[in-house]
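What's counted below: heavy atoms across the whole structure, side chains too, no hydrogens, waters or symmetry copies. Keep in mind the model is a prediction, meaning the values are calculated, not measured.
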Amino acid sequence: MDAKEGACSLRSMADAAGIPSKRMYTLTEIAHATGIPRSTLAESVRDGDLKAFMPPGRKRGMLVAPEWFDDWMERGTAWARQPSCAAAR
């Protein structure tokens with residue numbers, strides 16, 4: 001099953017949380033749908049790990065495409081599975 005279609009995709013988690021499907025989600029919506037703290041998402045955006053978009057003319061309301069979030073989650077999951085990372089815990 002493709003991550004974009006799986007039970008752990010942002011679209012499916014948003015749907016389960018009652019958030020309508022859309023092209024992009026705010027960090028607050030993602031936090032609500034996934035349980036990941038908004039501060040963690042914002043830090044990942046600041047660090048350049050999670051791709052996000054700030055619409056022109058706005059100072060707040062960073063947006064993330066579902067596929068960007070799914071890619072970020074997949075990279076994090078792959079990192080966590082590495083033996084060197086598991087030993088560090």
List the atom pairs, donor and acceptor, that lie under 3.5 Å between side-chain atoms in residues 37-44 and the rest of the protein, sequence neighbours left out.
unit_1: R38; atom_1: NE; unit_2: T28; atom_2: OG1; d: 3.3
unit_1: S44; atom_1: OG; unit_2: T40; atom_2: O; d: 3.2

Expected output: side-chain R11 to main-chain K22 donor-acceptor under 3.5 Å: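 Yes; at least one donor-acceptor contact below 3.5 Å.
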Atom pair OG/CG of S9 and D15 - distance to nearest 0.5 Å: 9.0 Å
Distance in Å, E29 CD paired with T34 OG1, rounded so as to fall on 0.5 Å steps: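 Spacing of CD (E29) from OG1 (T34) equals 11.5 Å.
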F69: partners by ring-ring contact (aromatic ring centres under 6.0 Å, His included), with sequence neighbours left out: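 Scan of F69 (ring-ring contact (aromatic ring centres under 6.0 Å, His included), adjacent residues dropped) gives W72.
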Could you give the side-chain donor-acceptor pairs of residues 46-62 under 3.5 Å, partners two or more places apart or in another chain?
unit_1: R58; atom_1: NE; unit_2: R60; atom_2: O; d: 3.2

Minimum heavy-atom distance M73-I36, with the two atoms named: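 It is SD-CD1, 3.9 Å.
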